[in-house]
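Since the structure comes first, as structure tokens, the remarks are kept for the end.
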Number of protein chains: 4
Amino acid sequence: MGKKFTEKQIHILNIAEELIAEKGFEGTSVRDISAKANINVAMISYYFGSKEKMMYHLYHYRVQRTREHFAEFSEIIKDGKPEMQMREIIKYIVGQLFKYGQFHGFVSQELRRNENLKQELLVFYQFCVKKIDEVLKKGIASGVFTFAPKPEDILSIILGTTLFSIRNKNFMENYVRHSDDQSYIKEAEKKVKANMMLTVFALLGFVQD
Amino acid sequence: MGKKFTEKQIHILNIAEELIAEKGFEGTSVRDISAKANINVAMISYYFGSKEKMMYHLYHYRVQRTREHFAEFSEIIKDGKPEMQMREIIKYIVGQLFKYGQFHGFVSQELRRNENLKQELLVFYQFCVKKIDEVLKKGIASGVFTFAPKPEDILSIILGTTLFSIRNKNFMENYVRHSDDQSYIKEAEKKVKANMMLTVFALLGFVQD
Amino acid sequence: MGKKFTEKQIHILNIAEELIAEKGFEGTSVRDISAKANINVAMISYYFGSKEKMMYHLYHYRVQRTREHFAEFSEIIKDGKPEMQMREIIKYIVGQLFKYGQFHGFVSQELRRNENLKQELLVFYQFCVKKIDEVLKKGIASGVFTFAPKPEDILSIILGTTLFSIRNKNFMENYVRHSDDQSYIKEAEKKVKANMMLTVFALLGFVQD
Amino acid sequence: MGKKFTEKQIHILNIAEELIAEKGFEGTSVRDISAKANINVAMISYYFGSKEKMMYHLYHYRVQRTREHFAEFSEIIKDGKPEMQMREIIKYIVGQLFKYGQFHGFVSQELRRNENLKQELLVFYQFCVKKIDEVLKKGIASGVFTFAPKPEDILSIILGTTLFSIRNKNFMENYVRHSDDQSYIKEAEKKVKANMMLTVFALLGFVQD
DNA sequence: GATGAATGAGGGTTCATTCAT
DNA sequence: GATGAATGAACCCTCATTCAT
């Protein structure tokens, strides 16, 4: 269970996340944040100690929640057939990334600053690898998967491709039918999910019964 | 044909790239750059007009050269067999990304600030898509490829996965046998290339003759 | 008779004095004081109106008590022989300064800020001068003192030398045999008292009967 | 020979000294200094690195020069008769303190912050003690001095009394005939010198030939 | 009577840039 | 053409104080 924040603190974190995603950590001043959040400049220091520490809390908060969430999720699907499990995992990861896209869009930039976050993220990624590996092995054993690629390679593909699509909107939007930002996000997510399904299952040599 | 720079200007750009890759644009001061480049603080403004404009020149310079280079490259491979062409394209793209990894590592962050770069990069990506599409169609026609995934999806996978691997060194290094940074880079590049080969060809339903 | 303070207020004043003696007025924040005194930050403003006013109360409190104390003291010694009276006055003043050394150590710094304190201190000093003068005249009259230096000069010597000794511990400690801070203070006080006895009596041309 | 400063830097140091003497180090903001010195706020950091370092330079500059000056002075008087030497030393020390009174008036307050200065000042004081001791011994040997007080006690008296007089102007001015600040300083210095002459020579048991 | 959340002012410092030389 | 001194704006943070409870 993570640190508890007041509603106001969460409000600030959300605004901060938005702005940092847009302009980077150094490019975002505490004045920007306080102005947009309609609070006093001093509040960031008051609540979090410093701008830097606020950043840490922001990361920690997101990563912690993501980890917990994924743990619950993998519990839920643990009794399904391997192909269903794999399908769910792909949908889940891509979905989460799109949901918190603006966060994951800049998080890797900030890794260099924050050793703690690096570690937390690593632990999370390795948990994902483990889950993928379990499903993989089960599928191989039962014969529905005929190839056995490295689980970390599968995860790299899913994470990398999805993050790339989120970060390079102006490339992706040429291939996605959409009318506005809202619908773009939805359709882009669909496209990436379809791509990942196809790719991963091709890679696994999946054989329909 | 790009802007012509003096040797000193290129020297500054190289130092700047290095520092920005390490600490971000805002995190890198003109004093840092001038100190490391052994030039006067005023030189950046003097040569490029401003720090911001220097950034633009830096991006422009890199992207321009990459585009030219890829154009040459695709000319060279244009008469090969589709599977060979695809193999070369994958090797080429992954290789280039690893070569200029520090640049590509932060370029997406700077896209939000720089409309011009965005456009240039888009043109380049679309050129890649076109090339992939040509090879794809040729392979389908000749029967060596049995599936026809979207070319932009293939590109997304290659670019996304490679960039992810470069950016998340502390994740990747758990799966790569290496003794030092030098050897890590080499082995990581090998691993990503192998992964991409397997993946793309699986996706294409490649059938060995 | 001075202002009446509650126990809590006196507690705060004591803590404040301690901290201010150590780090100066501006160097001591109300947060420092409230933290060390285990009270709420708002209490200083609440009890005293402001930090500045608290300071005033602190000075007032000390000076007032010192004045009252000295008045009592001079009443007690008023019937002795002049040489005994002078000896007692010297011992008393030096003793008091050492006792409240941390206060007197910084009070002159704060004089510039506080007209009231300046006035109160002046009145006190002049009272001392008067007492010294009385003793002086009596001694001259009775022939035990053969010189008649200015009483204010005698006071300047006693106060100045003692305060200098308190403030320049790292100079004085080279000439004082001591094992720790506690013993240093004791020995330093002894040394200053001896010095002042010798000096003042030499100045007075004291003739033993 | 001390650090060399430009004219502008010395100008800043002088203004800073004035303000700090008046309002203390923490009570004086770099904006106060820059406003009064008619320079940009950034110049203090630019020239000295920080406000703190400026303070150090200020102290260092003054103490260094005082030490050098006193060394020269003591060379000059080294061949005189003891009573003349002692007289000159007293006049010199009191004179210097009055000359740089505003500096010496707050320096002891800042000792707690600045270990270096503490050390430099100590060395200077000990040099003074040594010189006084030499004169003392010579006088005793030649019989013009009949008592042998501790040299450090003599120095304490001279420094302490003089500093007290400078710091407690509103006390001293009651005993000094003066029309304005200028004349007050002059007369106060005279009074202190006379007092110290009398006192020290009384203490030494000086016997006119 | 007493508190903790919140405020606005001002703190020192660093920034990219300019200007006289 | 190139420099280093100097600038004003903006940075994050801490301050004493206030206000609703």
Side-chain angles (χ1 to χ4, degrees), chain A residues 6-9 12 16 25-35 37-55, chain B residues 6 8-9 12 16 25-35 38-55, chain C residues 6 8-9 12 16 25-35 38-55, chain D residues 6-9 12 16 25-35 37-55:
Chain A
T6 69
E7 235 175 83
K8 269 196 180 168
Q9 285 173 316
I12 293 173
F25 178 72
E26 326 249 4
T28 303
S29 72
V30 293
R31 273 169 186 77
D32 291 343
I33 297 169
S34 68
N38 254 79
I39 52 150
N40 188 277
V41 223
M43 294 310 300
I44 275 112
S45 289
Y46 179 67
Y47 277 145
F48 304 104
S50 72
K51 188 191 175 192
E52 199 84 21
K53 279 181 193 142
M54 179 205 68
M55 197 65 181
Chain B
T6 69
K8 252 190 188 177
Q9 285 172 316
I12 294 172
F25 178 72
E26 325 258 359
T28 304
S29 73
V30 294
R31 269 170 187 75
D32 291 343
I33 297 169
S34 68
N38 255 81
I39 52 151
N40 188 274
V41 224
M43 294 308 300
I44 275 114
S45 291
Y46 181 67
Y47 275 146
F48 303 104
S50 73
K51 189 190 173 191
E52 200 84 22
K53 279 181 194 144
M54 177 205 69
M55 199 65 180
Chain C
T6 69
K8 253 190 188 177
Q9 286 172 314
I12 294 172
F25 178 72
E26 325 258 359
T28 304
S29 73
V30 294
R31 269 169 186 75
D32 290 343
I33 298 168
S34 67
N38 256 82
I39 53 151
N40 189 274
V41 222
M43 294 308 300
I44 275 114
S45 291
Y46 181 67
Y47 275 146
F48 303 103
S50 72
K51 188 191 174 191
E52 200 84 23
K53 279 180 193 144
M54 178 206 68
M55 198 66 180
Chain D
T6 69
E7 234 175 85
K8 269 195 181 170
Q9 285 173 317
I12 293 173
F25 178 72
E26 327 249 3
T28 303
S29 73
V30 295
R31 277 173 180 76
D32 290 343
I33 297 169
S34 68
N38 255 79
I39 52 149
N40 188 276
V41 223
M43 294 311 299
I44 275 112
S45 289
Y46 179 68
Y47 276 145
F48 303 104
S50 72
K51 189 192 175 191
E52 200 83 23
K53 279 182 194 143
M54 179 204 69
M55 198 65 179

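By convention in this document, chain letters (A, B, ...) are assigned in the order of the sequence lines, proteins followed by strands, and residues within each chain are numbered from 1. On a predicted model such as this, the values are computed, not experimentally measured, just so you know.
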| task | Within residues 37-45 of chain D, find the residues that approach DNA chain F with a heavy atom at under 4.0 Å, and present them sorted by residue number. | result | Asn40(D), Ala42(D), Met43(D)

| query | Just how far is it from atom CD1 of Ile44(A) to atom CD1 of Ile39(A), taken to the nearest 0.5 Å? | reply | 4.0 Å

| field | Euclidean distance, atom CD1 of residue Ile33(D) to atom P of dG11(E) [Å, nearest integer] | value | 11 Å

| message | Taking the side chain as everything from C-beta on, heavy atoms only, tell me whether Val30(D) gets closer than 4.5 Å to Met54(D). | response | no

| message | Rounded to the nearest 0.5 Å, what separates atom CD in Glu26(B) from atom NZ in Lys51(B)? | response | 6.0 Å

| field | Separation of atom CG in Asp32(D) from atom P in dG11(E), rounded to whole Å | value | 6 Å

| task | Under 4.0 Å between any heavy atoms, over every strand shown, what does Tyr47(B) touch: base, sugar-phosphate, or nothing? Just pick one. | result | sugar-phosphate

| query | Rounded to the nearest 0.5 Å, what separation is found between the CZ atom of Phe48(C) and the CE atom of Met55(C)? | reply | 12.0 Å

| message | Counting the atoms with a prime plus P, OP1 and OP2 as sugar-phosphate, which does Thr28(C) contact under 4.0 Å by heavy atoms, base, sugar-phosphate, or nothing? | response | sugar-phosphate

| Taking NZ from Lys53(D) and P from dG12(E), how many angstroms apart are they, rounded to a whole number? | 15 Å

| note | So CE of Met43(B) and CD1 of Ile12(B): to nearest 0.5 Å the spacing works out to 5.5 Å

| request: For the helix from dA2(E)-dT21(F) to dT21(E)-dA2(F), measure the angle between the helix axis at one end and the axis at the other, each built from five pairs, rounding to 10°. | output: 20°

| message | With heavy atoms of chain D within less than 4.0 Å as the criterion, where does contact along DNA chain F begin and end? | response | dA5(F) to dA10(F)

| remark: Comparing Val30(A) with Gly49(C), nearest DNA chain F nucleotide closer to 5' gives the residue Val30(A)

| field | Lys53(A) NZ/CZ over Tyr47(A) ring centroid, <6.0 Å and within 45° of normal | value | no

| field | Nearest atoms (heavy-atom pairs only) where Gly27(C) meets Asp32(C) | value | O-OD2, 3.9 Å

| Sub-3.5 Å donor-acceptor pair from the side chain of Ser45(B) to the main-chain atoms of Ala42(B), do we have one? | no

| note | 5'-most contact on DNA chain E (nearest-nucleotide basis), Ser50(B) vs Lys8(C), goes to Lys8(C)

| field | Polar pair under 3.5 Å, donor/acceptor by atom type, side chain Arg31(D), base dG10(E) | value | no

